[in-house]
Structures are given as structure tokens and as C-alpha cells.
Amino acid sequence: METTELIARARAGDEDAFRDLVHGHSHELQVHCYRILGSLQDAEDAVQETLMSAWRNLAGFGERSSLRTWLYKIATNRCLDMVRAEGRRPRIAPRLPAAVLPDPSGAGDPPWLDPYPDVLLDRLVEPGPEVRYETTEAVSLAFVTALQLLPPRQRAVLVLRDVLGYPAAEVAGMLDTTQDSVQSALKRARATVDDHLAGSGRPARRADSAAEQRLVARLADALERADLDALIELLAADVRLSMPPVMLEYHGIDAARRVFAAAIFRPGLVYRVVPTRANGRPAFGVYLADLHTGIFRAYGLHVVTTDGDRISALTCFTADVLSRFGLPRTLPETD
């Protein structure tokens, strides 16, 4: 059915026609909202509110722009309202007992940062010709974290211009501002994001997938064998460790060794891992053996960033996120 006919039926109150009209856009809108908000749960909420607003205001859609652009305008402004909402940010990050980890190198990722399952990236529409960041890079944890450093308007401008490739004139219309304001915000946003990415060890845009798989397999094997030395050998000299929602960050091999020795490779701990992918990067669910039952219980999700033949970053999330990746809460006892 043609879009024009679906719009006409939806305006007449046909909810099925509206669902058909927006179905192809919902996944890309979720990724868009995730980039701006940094949280998958918040992104899902923003998309739902976007579609509700579109349904209520469809009569006002004058078709001067495409339906996709109109939906992006609603979604972007809804995200900006959420970011600006009093009390939403910052959230309180949980504290760890002082004896668990050594002193950090600095503050880590924002506590609301979530990983994003790669399976949800499969149906993205190709961006416009003016993009500055490739699709995979633009959903990486380093990029999404960098966006969280920006004021709301700069965040939206950079995503609309440099990730989605909308022309400056269209971005100005979507944000109800001027082209000069868009260009000014974009210049400041680019400087902040590029500085953060340079400091976070921004990897090559296209990793060698076979080499990456071998490296991650060796990491998983070292973790399951509790071989700290083998794991440390895989890390880049300036490796970065972070663990949202705990706002702690560690830099360098020496710090990594202390963290793994204190928190992961303690005597009696036994792990199993299940591979997956998050934010365009390899990842794995980590399960810790229950010494009383032998069952392996969900422990966390580790997202791996590689650079050549070394791991440049590990971002370790809590077990709460595993269900979004279709991973179970427990694994059976091994033979």
C-alpha cells in the first residue's frame, strides 16, 4: 500500500494503517534516541512517546518533508526534553567497597550508559552522503559516551548532521533554529567528540573480523581458565577499563592487572562465557559458578574494543543487561 494512502487511512483513525506507516522507522528511531540518551530503556520510552505524538498530530503533518524526517524531528525533540528534565541526570552510581578495587585512574562512563545489541542494528537505513561517522562507529560505546558530554542541542545537531547526514537547513527546521546556529553548535560538538575519541583510543573504523574473533576467543579462554597472565598479554599498553553504572575508569596494563586480580581472579571463582555482540563490537555474557549448586549464574556483560592485535578497551556491565541480548540468567553445571 502506498504511503499516501496509509497516511489518509491513519488520519481517518485507522490504527492498523498507522502501525504499517511507522513500522519501518521504529528501529532506526530507537538507535537515534539511544545515541542521544545513552540508555536503551530511555530510548525505548522516547520512541513510544514519539509514536504516540505522531499519532495524535498526524493531521498536522503537511508532507512538506518526508514522513521519516517528521518522525526524526519529533523523536529528537522528545529526547532533548528528556535530557533537560530536572532530576533525570546525573543518576546516583552505586558504590563499591573500598577493598574490592584499587584506586581508579579517573571518572568512568556515565552511570546511565547501556550496551546496545547488534541484532537491533540490522535494519538501519543507510545514512545520507554528508555523514562524518560510519554507522558502526556511530553506535560504539566511545562515541555514545562522547555524546553524553555535550549540551543537549549540540548532541542533537551532531547526530543529525554527522551521523544521519541531514543537510544543515533541514536540521535547523527540525530544531526550530537557524542554519548559523546549527553550524556553530556543530563546530563546538565536533571538537568535543573528536577530543574524547582521540583520548579513548579510537580504533580503526573497519576491524579485521577474523583477527578480532581470534583475539576475543583468547580472552574468553583466559577468563574461563582463570589465567591472569594470558589475559594481560592480550591488552594494549594503554588499555581502558570501565564498569558502568560504577563511575570508575582504569588505564594501562598495570592498573588492569590490579583490577582483574582484585575483582575477577580471586581464588575459588570459576567463569563461563557466552559470545554475543554489542555496539558494533564483540561482547560476551559472563557467568559465575555457584559453588553450592554448580549452576553458573549471570555475572555481567563485557564489551570488547580491539585495535590491531590487542584489546584497547573493556567495558563491563552488570548482569541486568543480559536479557536484552537474549542471554539466560543461568547456565547448567558443566560435566
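Each residue takes its place number in the sequence, starting with 1. Keep in mind it's a predicted model, so treat the numbers as computed, not measured.
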When you compare the side chain of [Y] with that of [X], does any pair of heavy atoms fall below 4.5 Å?
X	Y	result
Glu212	Pro282	yes
Trp112	Leu37	no
Tyr133	Leu197	yes
Glu44	Arg324	yes
Met243	Tyr250	yes
Phe284	Val216	yes
Phe325	Asp118	no
Arg281	Thr305	yes

Distance-only, no hydrogens or angles: does the [X] side chain make a donor-acceptor pair with backbone N or O of [Y] under 3.5 Å?
X	Y	value
Thr76	Tyr72	yes
Thr315	Ser242	no
Asp238	His251	no
Thr177	Gly173	no
Arg155	Ile36	yes
Asn57	Gly60	no
Arg35	His32	no
Thr145	Leu141	yes
Arg11	Phe61	yes
Asp114	Leu40	yes

**OP:** Fit a plane to each ring of Tyr116 and Tyr34, take the angle between them on a 0 to 90° scale, and name the class: parallel (under 30°), tilted (30 to 60°) or perpendicular (over 60°).
**Re:** tilted
**OP:** Could you label the plane-to-plane angle of the Phe260 and Phe265 rings as parallel, tilted or perpendicular, counting under 30° as parallel and over 60° as perpendicular?
**Re:**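 The rings of Phe260 and Phe265 sit tilted, inter-plane angle from 30° to 60°.
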Reported [atom1]-to-[atom2] distance for the pair [X] and [Y], which is rounded to 0.5 angstrom:
X	Y	atom1	atom2	value
Cys316	Leu241	SG	CG	6.5 Å
Leu235	Leu314	CG	CG	6.5 Å
Leu21	Arg9	CG	CZ	10.5 Å
Leu51	Leu29	CG	CG	6.5 Å
Arg84	Cys79	CZ	SG	11.0 Å
Ile264	His302	CD1	NE2	5.0 Å

Looking at every heavy atom in both [X] and [Y], which two are closest together, and how far apart are they?
X	Y	value
Ala146	His196	CB-CD2, 3.4 Å
Thr276	Gly285	CG2-N, 4.5 Å
Phe296	Tyr271	CE2-C, 3.9 Å
Pro115	Val303	CB-CG2, 4.4 Å
Gln30	Ala43	O-CB, 3.7 Å
Leu80	Ala156	CD2-CB, 3.9 Å

Same cluster or not: are [X] and [Y] linked, directly or through other Ile, Leu, Val, Met, Phe, Trp or Tyr residues, by side-chain heavy atoms under 4.5 angstrom apart?
X	Y	result
Leu71	Met52	no
Leu186	Leu149	no
Val273	Ile295	no

I'd like to know if [X] pairs up with [Y] as an ion pair, taking the criterion as any Lys NZ or Arg NE/NH1/NH2 lying under 4.0 Å from an Asp or Glu carboxylate oxygen.
X	Y	value
Glu28	Arg68	yes
Arg225	Asp221	yes
Lys73	Asp176	yes
Asp194	Arg132	yes
Arg257	Asp229	yes
Glu233	Arg310	no

Subject >> Exceeds 12 heavy-atom contacts within 6.0 angstrom, atom CZ of Arg218 >> reply: no
Original post:
Is there a side-chain contact (heavy atoms from CB on, under 4.5 Å) between Val193 and Phe143 once you walk through the steps?
Top reply: CA-CA 7 Å; Val193 169; Phe143 184 82; 4.0 Å; yes
Original post:
Between Leu219 and Val304, does a side-chain contact (heavy atoms from CB on, under 4.5 Å) hold up when you go through it step by step?
Top reply: CA-CA 9 Å; Leu219 174 64; Val304 184; 3.8 Å; yes
Original post:
What do the steps show when you test Thr192 against Arg188 for side chain to side chain donor-acceptor pair (under 3.5 Å), and what is the final call?
Top reply: CA-CA 6 Å; Thr192 300; Arg188 294 194 298 272; over 6 Å; no
**OP:** Check whether NZ of the Lys or CZ of the Arg Arg272 lies under 6.0 Å from the centre of the six-membered ring of Tyr287 and within 45 degrees of that ring's axis.
**Re:** no
Subject >> Worked verdict on Arg329 versus Arg297 for side-chain contact (heavy atoms from CB on, under 4.5 Å) >> reply: CA-CA 6 Å; Arg329 297 292 298 179; Arg297 303 190 185 280; over 6 Å; no
Original post:
Can a donor-acceptor pair be found between the side chains of Ser66 and Thr69 at a distance below 3.5 Å?
Top reply: yes
Original post:
Just checking, is any N or O donor in the side chain of Gln183 or Arg161 under 3.5 Å from an acceptor N or O on the other one?
Top reply: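 On atom types as modelled, these side chains do not qualify, holding no pair under 3.5 Å.
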**OP:** Kindly determine whether Leu215 and Asp309 satisfy side-chain contact (heavy atoms from CB on, under 4.5 Å), including the steps that lead there.
**Re:** CA-CA 7 Å; Leu215 188 57; Asp309 61 352; 5.7 Å; no
Subject >> Sole candidate of Val159, Leu160, Val157, Val131 that passes side chain to side chain contact (heavy atoms under 4.5 Å, CB included) when paired with Tyr166 >> reply: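 That would be Leu160; it is the only one of Val159, Leu160, Val157, Val131 passing the side chain to side chain contact (heavy atoms under 4.5 Å, CB included) with Tyr166.
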